[in-house]
Amino acid sequence: ACVSGTYYDGDTCTDCGLGYYSSFVGAPYPTSCTFCPTGQYNTQTGQSECISCATGKLSSSDGTFCSDCHAGEYSFNNTACVACEYGKYAPQALADSCLDCNA
C-alpha cells in the first residue's frame, strides 16, 4: 500500500520528488504528486506537505527553496514580487508594501 508522500507509478509506490507532495489517505492511490503551491517549498523527497516560506520570501520556480525579492520590490502575499509604486522604495526585499520616500 502506498503512503502519504508517494504516488503509484503503475508498478510500485514511488516517493514524490523535491518541490512536490502527496497528502492522500487510502486508495485509489494518486498517479502523480502535486507541485508545492506558490509561497511554499520542500527540500526532501517523499513529503506529505510543503513548508511555507518565511514572510516576504517567495518559493523558487522548482519549489525547492525560498528567496527574497530584489531591492525595489516587495513580496505580495508571498505569491509575487511587485515593483514599488512611484514615490516609494525598498532598499531590500520587503513584505506586502514599500516604504514612503521622504519629501
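Just so you know, these numbers come straight off a predicted model, no measurement behind them.
Rounding to the nearest 0.5 Å gives a distance of 9.0 Å between SG of C101 and NZ of K88. Atom CG of L58 sits about 4.5 Å away from atom SG of C69, to the nearest 0.5 Å. Of the inter-residue distances, the one linking Y20 atom OH with D62 atom CG reads 9.0 Å to the nearest 0.5 angstrom. Atom OG of S22 and atom CD of Q47 lie 11.0 Å apart (nearest 0.5 Å). Between the OH atom of Y21 and the CD1 atom of I51 there is a distance of 13.5 Å, given to the nearest 0.5 Å.
Side chain of T6 to main chain of D15: no donor-acceptor pair is present (N/O by atom type, distance under 3.5 Å, no hydrogens or angles). Under a 3.5 Å cut-off, the side chain of N77 and the backbone N or O of T79 do not form any donor-acceptor pair. The backbone N or O of A71 sits nowhere less than 3.5 Å from a side-chain atom of E73 that would complete a donor-acceptor pair. Checking side-chain atoms of D9 against main-chain N and O of T14 turns up no donor-acceptor pair under 3.5 Å.
Between E85 and Y74 there is a side-chain heavy-atom pair separated by less than 4.5 Å. Between S52 and Q40, some side-chain heavy-atom pair lies under the 4.5 Å cut-off. A 4.5 Å side-chain heavy-atom check between T45 and L18 finds at least one atom pair inside the cut-off. Using a 4.5 Å cut-off on side-chain heavy atoms (C-beta onward), C50 and P37 make contact. Contact annotation: the side chain of C33 approaches that of Y7 to within less than 4.5 Å [non-hydrogen atoms, C-beta and beyond]. Inter-residue side-chain proximity for S60 and F65 is flagged as met; some heavy-atom pair is nearer than 4.5 Å.
Between S48 and S4, the shortest heavy-atom distance links the atoms CB-CB, 3.6 Å.
Using cut-offs of 30° and 60° for the angle between ring planes, the Y8 and Y29 rings count as tilted.
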